[in-house]
Enquirer: 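Pasting a structure below so you can have a look.
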There are 2 protein chains.
Amino acid sequence: MDAVNTCANSSCPDDIVAECAALMAREGYHGTSMRDLARGTGRSLSGLYHHFRSKEELLYLINERGFSSLLANAARLRDAYRAQPPRSREARAASAALLCDLIGAHLGYFGSHLNEMRVLTFGTQPMSSAHGDAIRALKLRYAEIVQFAVGEYIAARRAPAASDEIERKSYLLFGMMNWIFGWYSFDEHGSVEALAEEIYMTFTKGCAAPRPATTQDA
Amino acid sequence: MDAVNTCANSSCPDDIVAECAALMAREGYHGTSMRDLARGTGRSLSGLYHHFRSKEELLYLINERGFSSLLANAARLRDAYRAQPPRSREARAASAALLCDLIGAHLGYFGSHLNEMRVLTFGTQPMSSAHGDAIRALKLRYAEIVQFAVGEYIAARRAPAASDEIERKSYLLFGMMNWIFGWYSFDEHGSVEALAEEIYMTFTKGCAAPRPATTQDA
DNA sequence: TTGCGGACCGAACGTTCGTTCGGCCGAGGG
DNA sequence: CCCTCGGCCGAACGAACGTTCGGTCCGCAA
């Protein structure tokens with residue numbers, strides 16, 4: 001008789017989660033059946049149920065692991081930024097570096113987990129309230145870090161922006177980064193690093209900004 | 001004996017399409033059943049089938065009408081731009097106005113057809129090849145107009161950009177505009193017009209650009 | 001060697017899916 | 001007056017859905 005654990009099933013191997021995410025990335029959560037997942041992972045239908053309790057828990061696992069990883073990277077970058085001595089004359093460069101690093105981390109994780117990210121971005125909706133709340137909390141904490149960086153960047157360059165303006169601008173940045181799932185392919189559009197640089201430049205300087213040989217900000 | 005028409009069923013009233021789009025916007029195409037649509041539109045299950053031949057044709061109708069409308073607006077703006085006498089000293093202002101108007105038209109249509117737009121942006125995938133090709137063609141023509149505007153804007157301000165850079169920058173712009181579906185609500189985030197202005201400014205000047213009282217470009 | 005537990009499977013459960021069929025009804029032209 | 005026809009419906013079809021159950025296999029500790 002197990003204690004009912006309404007939260008995570010941490011015993012599920014990462015590779016199964018990743019394979020299922022790859023399959024769900026094509027047709028979405030509702031469009032991919034458990035039988036599709038069984039066939040795609042070379043397992044039987046009932047064999048899958050030894051690794052997670054339900055299809056919805058699988059969706060939760062994909063989301064939970066993805067956002068936890070993104071959040072850990074972002075929190076590390078923010079903490080490093082905060083640990084710097086606050087010399088005001090370097091505030092512009094430091095806030096620019098934080099923003100640039102966050103964009104690079106987001107797209108970097110994305111580059112190596114493209115399938116999971118496709119699932120993450122399209123649809124927290126079909127999750128139960130308990131799981132949905134946990135994922136929304138992770139998303140919120142992640143978004144707060146990006147908003148902090150955007151706020152710091154703007155504050156170092158002009159009068160600090162109101163929190164709702166920072167929120168909207170951060171959403172625009174997320175839009176640029178996440179919309180990539182619809183069109184990016186390595187062969188056609190170059191490396192993820194170059195794309196991160198282009199997003200950083202477009203978001204901070206506008207689309208007509210010249211491309212520098214190295215990232216330079218002043 | 002009808003001639004088999006593999007394409008549109010133009011006899012379906014707009015309001016039914018709009019109601020179905022509103023329902024599909026919540027849980028997506030696969031997540032919304034024909035019974036959900038019947039209940040939601042106050043009709044019977046089989047009654048729906050007198051307006052379209054299949055669920056997939058309904059998805060096609062939502063996409064076809066939405067993108068046709070977007071495309072018509074965009075083409076009108078582009079033609080007006082091209083009809084202007086090419087006085088080079090006004091090229092900067094004219095290309096800025098075109099870009100600003102296109103963003104305004106995209107978000108304006110969006111503001112009055114939010115539910116349809118949610119369906120449009122998430123998923124051309126589950127469509128048959130015949131329908132899918134038709135929608136992809138509409139999307140392509142629409143994207144080409146936006147790319148034209150981005151190219152003109154950049155060319156009027158610095159050395160013309162390569163076509164692949166214009167393509168990427170246009171995708172970033174689409175990302176800012178379309179990601180809105182995930183978070184926008186009129187009550188919290190103000191009018192669509194103000195948001196269009198903010199996207200235009202961020203895309204052209206960067207996130208730290210000051211907000212002018214009126215749109216001014218030089 | 002025996003016993004155990006986790007990984008895995010085939011077969012089936014009840015439900016819901018998209019779609020079809022035959023018939024009802026009320027407005028409108030002859 | 002009747003007849004037609006488009007809009008609409010209840011009931012049902014076979015297929016596919018998520019999930020469960022009993023059993024098989026195999027590595028490993030005792």
Enquirer: Is it possible for you to check whether A/R76 lies under 6.0 Å from the centre of the six-membered ring of A/Y81, through NZ or CZ, and within 45° of that ring's axis?
Expert: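 Negative - A/R76 is either too far from the ring of A/Y81 or too far off its axis.
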Enquirer: Answer with base, sugar-phosphate or nothing: what part of the nucleic acid does A/L48 contact at a heavy-atom distance below 4.0 Å?
Expert: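 Touches nothing.
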Enquirer: Is B/S33 close enough to C/dC17 that one of its side-chain N or O atoms is under 4.0 Å from OP1 or OP2 there?
Expert: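 Answer yes for this pair, as a side-chain N or O of B/S33 is under 4.0 Å from OP1 or OP2.
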Enquirer: Between the base of D/dG10 and the side chain of B/S46, is there a donor-acceptor distance below 3.5 Å?
Expert: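 A donor-acceptor contact between them is present.
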Enquirer: Taking atom C1' of D/dT19 as reference, at what distance in whole Å does atom NE2 of A/H51 sit?
Expert: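 Taking NE2 of A/H51 and C1' of D/dT19, I get 17 Å after rounding.
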Enquirer: What are the two closest heavy atoms between A/E116 and A/A18, and how far apart are they?
Expert: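 Closest heavy-atom pair between A/E116 and A/A18: OE2-CB, 3.6 Å.
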Enquirer: Answer yes or no for A/R118 and A/F110: cation-pi contact, defined as NZ/CZ to six-membered ring centre under 6.0 Å and angle to ring axis within 45°.
Expert: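 Pair A/R118/A/F110 does not count as cation-pi.
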Enquirer: Between protein and nucleic acid, restricted to nucleotides 4-6 of chain C and to nitrogen or oxygen atoms under 3.5 Å apart, what atom pairs and distances do you find?
Expert:
none

Enquirer: Tell me what B/R43 touches on the nucleic acid: a base, only sugar-phosphate, or nothing, going by heavy atoms under 4.0 Å.
Expert: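 Sugar-phosphate, backbone atoms only, no base.
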Enquirer: Provide, to the nearest angstrom, the distance between the CD1 atom belonging to A/I16 and the C1' atom belonging to C/dC8.
Expert: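 In whole Å, C/dC8 C1' and A/I16 CD1 are 11 Å from each other.
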Enquirer: To the nearest Å, how far apart are B/Y29 OH and C/dC17 P?
Expert: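 So the OH-P distance, B/Y29 to C/dC17, works out to 13 Å.
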Enquirer: Taking only N and O in the side chain of A/S44, is any of them less than 4.0 Å away from OP1 or OP2 of C/dC8?
Expert: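 Checking C/dC8 against A/S44, no side-chain N or O comes under 4.0 Å of OP1 or OP2.
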Enquirer: Between the side chains of B/E56 and B/H131, does any donor sit under 3.5 Å from an acceptor?
Expert: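 Yes - a donor-acceptor pair under 3.5 Å links their side chains.
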Enquirer: Measure CZ/A/F52 against P/D/dG18 and give the value in whole Å, please.
Expert: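 A/F52 atom CZ is separated from D/dG18 atom P by 11 Å.
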Enquirer: If we ignore angles and hydrogens, is there a donor and acceptor under 3.5 Å between the side chains of A/E64 and A/S68?
Expert: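 Yes, A/S68 and A/E64 have a side-chain donor paired with an acceptor closer than 3.5 Å.
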Enquirer: Please report, rounded to the nearest Å, how far the C1' atom of D/dC17 is from the CG atom of A/L37.
Expert: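 Nearest whole value for this atom pair: 12 Å.
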Enquirer: Whole angstroms only, please: what is the CD-C1' distance between A/E57 and D/dT19?
Expert: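 Taking atom C1' of D/dT19 as the reference, CD of A/E57 is at 14 Å.
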Enquirer: Given that B/G42 and A/H30 both sit by DNA chain D, which one's nearest nucleotide is further toward the 5' end?
Expert: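 That would be B/G42.
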Enquirer: Could you give the CE-to-P distance, from A/M34 to C/dC9, as a whole number of Å?
Expert: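 About 13 Å, once rounded to whole Å.
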Enquirer: Which residue pairs satisfy the salt bridge (charged side-chain N to carboxylate O under 4.0 Å, His left out) criterion with at least one member in residues 33-52 of chain A, sequence neighbours excluded?
Expert: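 Qualifying pairs, neighbours excluded: A/E19-A/R43, A/D36-A/R39.
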Enquirer: Counting N and O atoms only, with roles assigned by atom type, does the side chain of A/H113 sit under 3.5 Å from a partner on the main chain of A/Y109, one being a donor and the other an acceptor?
Expert: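 Here the side-chain-to-backbone pair exists.
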Enquirer: Quickly work out the B/D36 CG to C/dT19 C1' distance and round it to whole Å.
Expert: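 The distance from CG of B/D36 to C1' of C/dT19 comes to 16 Å, rounded to the nearest Å.
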